2 protein chains.
Amino acid sequence: MRTPLIVTVIVLIAAFATAQSQPQLSLMPMPASVQPGAGQLRIDQSFSVAVTGFHDASLDSGVRRFQTQLSKQTGIPFRPKAGAMNATLQLHADRGREPVQKLGEDESYALTVSDTGSKLTAPTPLGILHGLQTFLQLAQPSATGFSVPAVTIKDQPRFPWRGLLIDVSRHFTPIDVLKRNLDAMAAVKMNVLHWHLSDDQGFRVESKKFPKLTGMGSDGMYYTQDEIREFIAYAHDRGIRVMPEFDIPGHSRSWFLGYPELSSGTGPYTLEGGGIDPIMDPTQESTYKFLEKFIAEMAALFPDVYFHIGGDEVDGKQWDANPKIQAFIHTHNFKNNQDLQAYFNQRLQKIVSKNHKTMIGWDEILHPDLPKTITVQSWRGQKSLAEAAKQGYSGLLSFGYYLDLMWPASRHYAVDPLSGEAANLNPEEQKRILGGESCQWAEWVTPENIDSHIWPRNAAIAERLWSPQQITDVDSMYTRLNAVSLHLEWLGLTHRSARTQMLQRMAGSEDISALRVLADVVEPVKDYNRWDDAKGPIDFHAPLNRMIDAVYPESDVARNFSNLVQTFVQSGNKDQTSEAQIRAYLTTWRDNDAKLHPLLDRSFLLQEVAPLSADLSALGVAGLQALDYLDKSQPLPDSWKMQQSAIIENAKKRQADLLLMVAAPVQQLIEGSANPKPSN
Amino acid sequence: MRTPLIVTVIVLIAAFATAQSQPQLSLMPMPASVQPGAGQLRIDQSFSVAVTGFHDASLDSGVRRFQTQLSKQTGIPFRPKAGAMNATLQLHADRGREPVQKLGEDESYALTVSDTGSKLTAPTPLGILHGLQTFLQLAQPSATGFSVPAVTIKDQPRFPWRGLLIDVSRHFTPIDVLKRNLDAMAAVKMNVLHWHLSDDQGFRVESKKFPKLTGMGSDGMYYTQDEIREFIAYAHDRGIRVMPEFDIPGHSRSWFLGYPELSSGTGPYTLEGGGIDPIMDPTQESTYKFLEKFIAEMAALFPDVYFHIGGDEVDGKQWDANPKIQAFIHTHNFKNNQDLQAYFNQRLQKIVSKNHKTMIGWDEILHPDLPKTITVQSWRGQKSLAEAAKQGYSGLLSFGYYLDLMWPASRHYAVDPLSGEAANLNPEEQKRILGGESCQWAEWVTPENIDSHIWPRNAAIAERLWSPQQITDVDSMYTRLNAVSLHLEWLGLTHRSARTQMLQRMAGSEDISALRVLADVVEPVKDYNRWDDAKGPIDFHAPLNRMIDAVYPESDVARNFSNLVQTFVQSGNKDQTSEAQIRAYLTTWRDNDAKLHPLLDRSFLLQEVAPLSADLSALGVAGLQALDYLDKSQPLPDSWKMQQSAIIENAKKRQADLLLMVAAPVQQLIEGSANPKPSN
């Protein structure tokens with residue numbers, strides 16, 4: 001059912017992937033084919049849209065959202081126009097969409113803009129929705145007015161599955177916050193929201209059959225079934241599938257508060273946890289009776305054909321400790337706990353299948369006993385994904401796309417689902433790689449800062465999954481990422497604005513200019529290093545109001561500064577433009593600690609960043625001294641270099657769970673200055 | 001009915017107005033009595049609220065909003081606590097409120113905070129709501145955590161009527177934007193929203209009896225009756241009355257598109273206008289039949305006892321031009337058009353009164369033929385207000401509180417309803433002055449920038465109407481205004497954040513640091529000077545996306561800079577701290593034009609501010625040179641002074657409808673430097 005559609009998409013990609021030119025249009029994801037034209041289409045009060053061909057309520061509301069958005073971007077209040085035959089933008093869809101969005105539905109579109117008008121055509125409204133986003137990205141202020149450059153775009157996705165996982169268990173994310181993230185996903189043409197709805201720390205979906213799942217298994221924060229239905233319709237209007245995940249048999253402590261009989265141990269259980277991780281008991285028939293009823297209820301609630309059962313990180317300790325379970329393993333001649341989980345998954349697969357759903361789970365569900373109809377989501381790498389594909393399983397990549405690891409966008413951008421071991425797959429096997437999903441695990445996010453943990457970096461992953469494989473230029477990516485970031489704030493995302501409010505909270509003041517200077521050059525510690533401080537179970541209701549919670553995962557200023565240093569050093573320390581900019585940064589940093597100190601002393605939330613602020617000033621001094629030596633053509637004294645080396649090593653150390661990202665480029669400046677390369 | 005309540009309030013004011021101390025707590029409006037205590041109450045995860053005494057659903061939702069807001073301010077996710085006997089904050093209201101909020105209802109409260117707990121008591125939930133806002137303003141980060149300082153506050157308003165008028169006719173303001181402005185009003189203890197619902201440019205209320213009022217008399221944007229009822233309930237929950245205004249017989253063109261027979265001319269009429277201003281025909285009985293039905297419908301929709309009929313600026317030209325109307329004037333022995341309007345108002349007053357409402361209108365309705373039960377709102381000054389009070393009429397002051405004139409907060413703050421002619425009224429007459437209303441006329445606002453046109457300046461007017469008359473210190477006001485501004489952004493107001501988005505729109509870029517430097521030092525032209533550019537009728541659907549639309553009405557930076565210059569000059573040019581800060585500003589400005597130029601060239605919206613940017617740099621250079629001369633103890637050369645004088649005069653000129661607010665202080669710096677005063 002899925003395969004023929006995928007083939008079509010792959011063929012289309014082959015046809016258009018020849019577009020090698022990467023023109024400087026602020027498009028993200030970059031379309032498959034972009035042919036610049038001459039002139040530009042003016043956007044003014046007379047702008048209008050006409051829909052011909054197929055349309056329905058969903059498409060009409062998409063057009064209204066487009067007009068609202070264009071109005072926000074331009075400040076022009078567009079009014080409904082009568083007689084739209086000469087409309088500025090003509091839309092035409094050939095036919096309707098599936099009532100429940102399917103994997104591999106045609107998402108292609110063609111957009112032609114000339115100086116007199118524009119036309120957007122697509123087989124279905126899915127393509128129209130994508131094309132409208134492209135049009136919005138093209139609209140920019142110019143010297144003569146708002147305009148869209150003349151261009152011919154033919155576009156379709158490289159992968160049919162381009163998802164974002166949001167964990168709503170560790171920290172609950174309200175529906176309105178999820179909705180604005182759907183808006184953002186649509187803006188960068190992502191098409192699957194993977195809703196991680198249950199985990200140890202909370203069960204977030206109303207079950208009418210098992211009300212204690214939320215009644216006892218949550219802190220009272222969960223989604224009602226009505227909210228879920230409305231949310232799924234909202235996503236569908238934006239061309240986004242919603243796939244639920246109920247993570248079993250591990251990661252399921254929240255189930256056991258209300259239904260301890262499902263677990264392999266004796267309890268009692270609390271959401272806060274402690275002790276060994278509880279696991280569902282796969283040996284008793286009552287577990288499957290429960291799941292039969294539960295999955296039937298959820299399968300009816302969530303229309304998507306995919307049903308995610310988790311299946312990851314089953315450590316098996318509760319199974320080891322339960323003699324009845326050990327006896328079961330023995331009786332069934334299972335070799336180990338993995339075999340027991342495979343048995344569980346087989347039983348589960350039958351239930352899921354009976355409800356007309358396709359089962360999907362994390363790497364660990366892969367087991368020869370499972371049918372090829374299941375799909376595997378890899379959090380462990382391209383290798384396990386390639387192995388699955390070789391065995392005939394479809395798969396998704398999430399390894400390399402974990403947004404909670406606080407990596408720079410460039411690092412995610414470099415991860416390709418068809419690289420590594422997957423590059424060696426034959427074409428048939430490669431087709432089984434459906435795409436990928438970024439993952440927003442929610443240990444350290446709140447409704448306030450979740451946007452900034454996801455965006456704008458997630459747009460780079462969206463491009464990786466949509467655009468031709470050869471679109472890899474990092475500088476271009478960052479330039480376009482900045483433009484996307486601006487568009488996302490227009491959409492209502494708070495990934496930039498929330499930091500201002502959080503810094504003002506810490507400062508207790510509206511004036512945070514000096515605090516912003518510091519916040520601009522630090523990043524949270526990477527990977528799982530923040531966990532180092534956590535002793536025992538984490539309190540998921542503790543405030544997340546520290547500097548680490550406010551700052552962006554990636555420092556644009558540090559990257560920009562680092563690029564300037566590269567340019568300067570590579571010029572043999574001769575490039576005056578970059579030197580002037582470097583000096584301006586260093587001077588600001590040198591002087592910042594004195595400005596910041598009154599604030600630091602006043603607020604308990606800022607005391608922990610005082611050493612960082614001092615280090616930043618020291619780096620400013622060090623960098624400026626290096627440039628002074630250089631400007632006077634003096635060699636850097638050894639004693640001075642040793643001193644600076646100590647300062648820089650100190651500045652590189654993690655403090656307040658933060659990293660000072662300009663320490664390394666200042667070091668490079670000093671080392672580059674000490675050993676100037678001859679310029680050509 | 002109203003009078004006894006007002007007397008009570010006045011007596012209470014007299015009792016507490018002796019509190020002269022203005023401690024440095026960030027409270028606005030400043031309470032009637034504030035007695036600082038020792039220590040502070042810590043706000044952490046254990047914070048809880050208990051309600052004893054009277055409570056109802058409205059009060060409970062007020063408490064929930066309070067907790068949400070405290071959570072936003074602190075980043076601490078408060079969870080419902082069981083057994084709140086030892087609650088951190090204990091609330092007690094003696095009795096319930098009126099189902100429809102009345103003028104002069106008891107709004108007093110008492111708040112006691114110690115290092116172990118706090119207690120808020122009030123006669124009714126109105127006082128509790130006010131006290132909760134005070135508590136929120138007191139909560140601040142300290143060196144040891146979030147806390148509220150120990151304090152004893154006894155508080156009640158000076159005036160019972162503290163309103164904000166929002167004109168929704170010229171530009172429609174959606175309900176959600178109005179709602180956040182209600183939230184802001186509640187935060188500064190304002191208690192009347194005056195809803196200017198109809199004017200020449202649009203009729204904004206659904207009438208089921210006369211559907212053409214909105215059907216033809218608006219651009220399709222209006223409030224349904226269901227929305228209005230829900231909005232009034234929202235306001236009631238926040239202790240705010242909603243008073244409707246339907247402005248007649250002038251300012252009523254929008255009525256005549258659907259019902260031209262009401263007008264004194266022949267039409268046809270358009271919302272865009274042109275020609276002489278149409279006026280309602282007060283001579284035909286059919287007009288009153290229409291108004292009978294209409295007012296009955298609206299009186300049922302709006303529960304507030306006051307019903308505002310406008311009555312301002314009736315220029316009478318259509319009356320003059322209509323022989324039938326002139327004959328009517330003659331027949332009735334009216335002296336002039338004013339007598340005819342008085343006749344109209346008498347008829348109107350009977351209709352309003354029959355619907356159990358109190359009629360209120362602008363200055364012009366004052367006429368000896370009108371009964372003393374009507375209330376007069378003065379837009380022309382304390383003099384007309386005092387005259388009305390002497391004649392026995394109740395009144396409100398709006399003169400001096402017009403937010404659309406772009407005055408600084410200090411200028412509004414200096415306007416007291418009981419100053420000028422009103423100061424000479426006897427106590428009985430003074431009681432007739434019920435308070436005042438700020439006015440947000442909507443010629444130049446959109447949903448995007450309306451918040452910044454109202455806030456934070458409106459908080460200074462709120463203080464004028466609530467706090468004891470002797471609270472007048474401008475420096476203290478500005479310090480506290482900054483704190484309020486921060487709180488209002490926490491509430492969801494966009495008076496600060498919208499500028500960022502508008503500047504980014506103009507720049508087509510996220511990086512607007514140089515543009516912000518310029519925006520920080522300009523203000524829109526004052527009074528009605530923006531109208532100078534308008535030729536013919538204004539297009540109220542034109543984009544408001546220029547710099548003048550983005551900038552704040554009042555420049556904090558310019559005020560701060562001006563204060564620094566004062567300090568420096570008054571020190572005999574010796575104060576080094578202020579000189580260093582002045583130099584930092586001047587250097588930033590001097591260097592800014594070069595940074596800004598790439599942006600200016602790129603966007604048509606920025607081209608008009610290029611001369612301002614150049615002028616700002618020139619001011620920076622001039623100021624720095626003056627300081628250099630001074631530091632070297634050199635006299636300023638005459639030729640140089642002449643040159644600077646020309647630069648400054650040029651910089652003071654209006655450009656792009658903006659004023660460069662730092663030109664005058666730079667001039668003062670140069671003149672002060674030229675003629676140094678000896679320091680003491």
Side-chain angles (χ1 to χ4, degrees), chain A residues 26 44-45 71-80 139-147 171 219-220 446 448-449 456 482-483 485-486 489-490 494 496-497 500-502 504-511 539-546 549-550 556 584 591 595 601-607, chain B residues 26 44-45 71-80 139-147 171 219-220 446 448-449 456 482-483 485-486 489-490 494 496-497 500-502 504-511 539-546 549-550 556 584 591 595 601-607:
Chain A
S26 292
D44 57 23
Q45 277 178 272
S71 198
K72 278 192 192 170
Q73 281 180 220
T74 59
I76 303 169
F78 299 114
R79 302 165 71 190
Q140 296 286 345
S142 73
T144 54
F146 286 103
S147 63
H171 281 92
D219 50 13
T446 67
E448 183 171 60
N449 70 0
N482 283 344
S485 180
L486 182 55
E489 285 264 335
W490 284 115
T494 63
R496 294 303 193 207
S497 57
T500 299
Q501 291 208 327
M502 294 180 81
Q504 287 175 334
R505 168 197 294 152
M506 287 183 241
S509 162
E510 246 189 354
D511 180 8
D539 173 8
F540 287 105
H541 290 94
L544 293 179
N545 56 8
R546 296 166 58 208
D549 301 306
D556 291 340
D591 298 344
K595 291 180 186 164
D601 296 340
R602 215 160 58 201
S603 168
F604 73 109
L605 288 169
L606 292 178
Q607 283 159 3
Chain B
S26 292
D44 57 23
Q45 277 178 271
S71 199
K72 278 193 191 167
Q73 281 180 222
T74 59
I76 303 170
F78 301 114
R79 303 163 71 190
Q140 296 285 347
S142 73
T144 55
F146 285 103
S147 63
H171 281 91
D219 50 11
T446 68
E448 185 171 60
N449 70 2
N482 284 343
S485 180
L486 182 55
E489 284 265 335
W490 285 115
T494 63
R496 294 303 194 206
S497 56
T500 299
Q501 291 208 326
M502 295 181 81
Q504 287 175 335
R505 168 196 294 151
M506 288 182 240
S509 162
E510 244 188 354
D511 181 8
D539 173 8
F540 287 106
H541 289 94
L544 294 178
N545 56 8
R546 296 166 58 207
D549 302 305
D556 291 340
D591 298 343
K595 293 180 186 167
D601 296 340
R602 214 161 59 202
S603 168
F604 72 108
L605 288 169
L606 293 178
Q607 284 159 1

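Bear in mind the structure is a predicted one, so any value in this text is a computation, not a measurement.
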**Student:** Distance from A/Met502 atom CE to B/Lys72 atom NZ, nearest 0.5 Å?
**Tutor:**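 Spacing of CE (A/Met502) from NZ (B/Lys72) equals 13.5 Å.
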**Student:** Answer with side chain, backbone, both or neither: which region of B/Ser509 has an atom nearer than 4.5 Å to a non-hydrogen atom of chain A?
**Tutor:**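 Answer is backbone: N, CA, C or O of B/Ser509 sit under 4.5 Å from chain A.
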**Student:** Of all heavy-atom pairs between A/Asp601 and B/Ala143, which one has the smallest distance, and what is that distance?
**Tutor:**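 That would be O-CB, 3.9 Å.
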**Student:** Side chain, backbone, both or neither: which part of B/Glu489 has an atom under 4.5 Å from a heavy atom of chain A?
**Tutor:** both
**Student:** Closest heavy-atom contact between B/Arg505 and A/Pro141?
**Tutor:**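 Closest heavy-atom pair between B/Arg505 and A/Pro141: O-CG, 3.6 Å.
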**Student:** So which of A/Asp44, A/Asp556, A/Ile76 has the largest heavy-atom pair count under 4.5 angstrom toward chain B?
**Tutor:** A/Ile76
**Student:** Can you tell me which portion of B/Glu510 sits under 4.5 Å from chain A's heavy atoms? Options are side chain, backbone, both or neither.
**Tutor:** both
**Student:** Using non-hydrogen atoms and a 4.5 Å limit, figure out which bit of B/Asn449 sits close to chain A: side chain, backbone, both or neither.
**Tutor:** neither
**Student:** Among B/Gln140, B/Arg496, B/Met506, which residue forms the greatest number of heavy-atom pairs with chain A at distances under 4.5 Å?
**Tutor:** B/Arg496
**Student:** Pick whichever of B/Asp219, B/Asp591, B/Asn482 has the most heavy-atom pairs under 4.5 Å with chain A.
**Tutor:**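 Answer, by heavy-atom pair count under 4.5 Å with chain A: B/Asn482.
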**Student:** Please look at B/Gln607 and chain A and tell me whether the side chain, the backbone, both or neither of the residue comes under 4.5 angstrom of a heavy atom of that chain.
**Tutor:** side chain
**Student:** Identify the heavy atoms of B/Trp490 and A/Glu448 that sit nearest to each other, and give their distance.
**Tutor:** CZ3-OE2, 3.9 Å
**Student:** With only heavy atoms counted, which part of B/Thr144 is less than 4.5 Å from chain A, the side chain, the backbone, both or neither?
**Tutor:** backbone
**Student:** Please report the closest heavy-atom contact between A/Phe146 and B/Phe604, naming both atoms and the distance.
**Tutor:** N-CE2, 3.3 Å
**Student:** Specify which of A/Gly220, A/Ser485, A/Gly145, A/Ala483 makes the most heavy-atom pairs with chain B at under 4.5 Å.
**Tutor:**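 Heavy-atom pairs under 4.5 Å are most numerous for A/Gly145.
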**Student:** Which atoms of B/Arg602 come close to chain A, meaning under 4.5 Å heavy atom to heavy atom: side chain ones, backbone ones, both, or neither?
**Tutor:** backbone
**Student:** Less than 4.5 Å apart, side chain to side chain, heavy atoms only: is that true for A/Pro543 and B/Gln45?
**Tutor:** yes
**Student:** Please classify the contact between B/Leu544 and chain A as side chain, backbone, both or neither, with a heavy-atom cut-off of under 4.5 Å.
**Tutor:**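 For B/Leu544, the backbone is the part near chain A, not the side chain.
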**Student:** Does any backbone or side-chain atom of B/Thr74 lie under 4.5 Å from a heavy atom of chain A? Answer side chain, backbone, both or neither.
**Tutor:**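 For B/Thr74, the contact with chain A is made by the backbone alone.
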